[in-house]
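Since this is a predicted model, take the numbers as computed values, not measurements.
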Amino acid sequence: VLLVAYVGYVGLGAAVLQALERPAEVQAAQHLLQEHWELLANHTCLQGPALQRLIEGIIRAYKSGITLRGNTTSLGRWDYSGSFFFSISAITTIGYGNLSPSTAVGRIFCIVFALFGIPLNLVLLNEIGQLMLLGVQHCACRLEEVFHWQNKASFLMKTCALVTGLLLFLLLPPLLFSDKEGWSYEEGFYYSFITLSTIGFGDYVIGMNPDRAYPSWYKNVISVWILFGMAWLALVIKFCINLLE
């Protein structure tokens with residue numbers, strides 16, 4: 001029964017996503033094809049195969065973090081802050097997919113690094129989550145002692161912890177992303193949940209716009225936010241699991 005419910009839930013999600021996203025995909029494909037033919041028609045010196053090779057080269061360079069800016073190229077995804085953020089996304093299993101090692105040695109190191117880093121990350125998240133739970137329980141006990149509440153104190157503190165986590169990890173960060181990335185609030189909220197849940201599609205990633213200047217503390221603060229936010233969301237998901245079970 002559980003397997004049938006699981007498959008049915010995934011199937012329903014697939015049907016809804018197809019209905020929502022398929023028309024936009026078809027429209028984008030038609031628009032791209034139209035621009036391609038208009039470019040060839042307006043610039044007869046261009047040849048189809050040569051243009052195709054140029055487009056493929058641009059796509060490969062963009063995936064490597066290189067973009068054209070006039071007559072120069074922009075680098076910076078593999079500086080120390082970018083590499084530090086990639087390391088966090090690797091061992092937290094977020095895996096945005098927008099950046100990956102391109103050298104054989106780098107890929108081998110990434111495997112070894114993740115092999116030991118993922119367990120280390122899980123241990124750290126578990127400890128952070130336990131500290132959060134202890135803090136909530138301690139505050140609930142203090143309320144019971146002061147106000148002589150019983151069940152009310154535990155419920156109140158769990159509610160406060162939930163609301164505080166929502167503010168710190170999901171509702172307030174989109175304001176920072178709107179300022180630093182130029183995203184809308186909805187895009188920032190979407191990025192926050194996709195990141196903290198370790199889904200990590202990679203369609204939105206912080207600090208990757210070559211036209212924006214980011215402060216040096218930005219990626220470090222986001223890395224800390226990811227660690228504590230993942231621990232908090234793991235507790236919420238664990239609570240949801242208990243309800244389902």
Name all residues meeting the salt bridge (Lys or Arg N to Asp or Glu O under 4.0 Å) criterion together with Arg107; count only those two or more places apart in sequence or in a different chain, and write none if there are none.
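Partners of Arg107 by the salt bridge (Lys or Arg N to Asp or Glu O under 4.0 Å) criterion come out as none, since no residue qualifies.
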If I compare all heavy atoms of [X] with all of [Y], which pair ends up nearest, and what's the gap?
{"X": "Lys219", "Y": "Ile206", "result": "CG-CD1, 3.8 Å"}
{"X": "Phe84", "Y": "Asn220", "result": "CD2-OD1, 4.0 Å"}
{"X": "Met157", "Y": "Cys139", "result": "CE-CB, 3.3 Å"}
{"X": "Tyr214", "Y": "Lys180", "result": "CE2-O, 3.5 Å"}

Check: residues 159-169 side-chain donor-acceptor pairs under 3.5 Å, at least two apart:
{"unit_1": "Thr159", "atom_1": "OG1", "unit_2": "Phe155", "atom_2": "O", "d": "2.8"}
{"unit_1": "Thr164", "atom_1": "OG1", "unit_2": "Cys160", "atom_2": "O", "d": "2.7"}

Connected via hydrophobic side-chain network under 4.5 Å: [X] and [Y]:
{"X": "Phe193", "Y": "Leu176", "value": "yes"}
{"X": "Val4", "Y": "Tyr6", "value": "no"}
{"X": "Val224", "Y": "Trp232", "value": "yes"}
{"X": "Ile222", "Y": "Ile199", "value": "yes"}

Spacing of [atom1] belonging to [X] relative to [atom2] belonging to [Y], to within rounding of 0.5 Å:
{"X": "Phe85", "Y": "Ile226", "atom1": "CZ", "atom2": "CD1", "answer": "4.0 Å"}
{"X": "Ile94", "Y": "Ile194", "atom1": "CD1", "atom2": "CD1", "answer": "11.0 Å"}
{"X": "Tyr80", "Y": "Ser83", "atom1": "OH", "atom2": "OG", "answer": "8.5 Å"}
{"X": "Gln137", "Y": "Lys158", "atom1": "CD", "atom2": "NZ", "answer": "8.0 Å"}

Under the side chain to side chain donor-acceptor pair (under 3.5 Å) test, which residues partner Asp203, sequence neighbours left out?
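Side chain to side chain donor-acceptor pair (under 3.5 Å) check on Asp203 returns Tyr190.
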Looking at residues at least two apart in the chain, or sitting in another chain, which of them share a side chain to side chain donor-acceptor pair (under 3.5 Å) with Ser192?
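Listed in chain order: nothing, the list is empty.
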Report the residues that fulfil ring-ring contact (aromatic ring centres under 6.0 Å, His included) with Phe177, sequence neighbours left out, ordered by chain and then residue number.
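If we apply the ring-ring contact (aromatic ring centres under 6.0 Å, His included) test to Phe177, skipping adjacent residues, the hits are Trp183, Tyr191, Trp225.
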For a 4.5 angstrom cut-off between non-hydrogen side-chain atoms, does Cys110 reach Phe86?
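Heavy-atom side-chain distance check passes, below 4.5 Å.
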Under 3.5 Å side-chain donor-acceptor pair for Tyr204 and Thr195:
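The answer is no; no qualifying pair exists.
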Indicate every side-chain donor-acceptor pair of residues 233-245 with a distance under 3.5 Å to a residue at least two apart or in another chain.
{"unit_1": "Asn242", "atom_1": "ND2", "unit_2": "Lys238", "atom_2": "O", "d": "3.3"}

side-chain contact (heavy atoms from CB on, under 4.5 Å) partners for [X], two or more places apart:
{"X": "Pro23", "result": "none"}
{"X": "Leu125", "result": "Asn121, Leu227, Met230, Ala231"}
{"X": "Leu175", "result": "Leu172, Tyr185"}

Verify side chain to side chain contact (heavy atoms under 4.5 Å, CB included) between Leu124 and Leu120, making sure each step is shown before the conclusion.
CA-CA 6 Å; Leu124 176 62; Leu120 177 62; 5.7 Å; no
Can you list the other members of the hydrophobic cluster that holds Phe109, where links are side-chain heavy atoms under 4.5 angstrom apart?
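For the cluster that includes Phe109, the remaining residues are Ile91, Phe113.
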Only pairs under 3.5 Å count here: list side-chain donor-acceptor contacts from residues 25-35, not counting sequence neighbours, and write none if there are none.
{"unit_1": "Glu25", "atom_1": "OE1", "unit_2": "Arg22", "atom_2": "NH1", "d": "2.7"}
{"unit_1": "His31", "atom_1": "NE2", "unit_2": "Glu35", "atom_2": "OE2", "d": "3.1"}
{"unit_1": "Gln34", "atom_1": "NE2", "unit_2": "Glu38", "atom_2": "OE2", "d": "3.2"}

Tell me, yes or no, whether the heavy-atom count around Trp217 atom CH2, taken from other residues, nucleotides or ligands under 6.0 Å, exceeds 12.
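Yes - once you tally the heavy atoms of other residues, nucleotides and ligands closer than 6.0 Å, there are more than 12.
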Distance-only donor-acceptor pairs under 3.5 Å for side chains of residues 52-59, two or more places apart:
{"unit_1": "Gln52", "atom_1": "NE2", "unit_2": "Glu56", "atom_2": "OE2", "d": "3.4"}

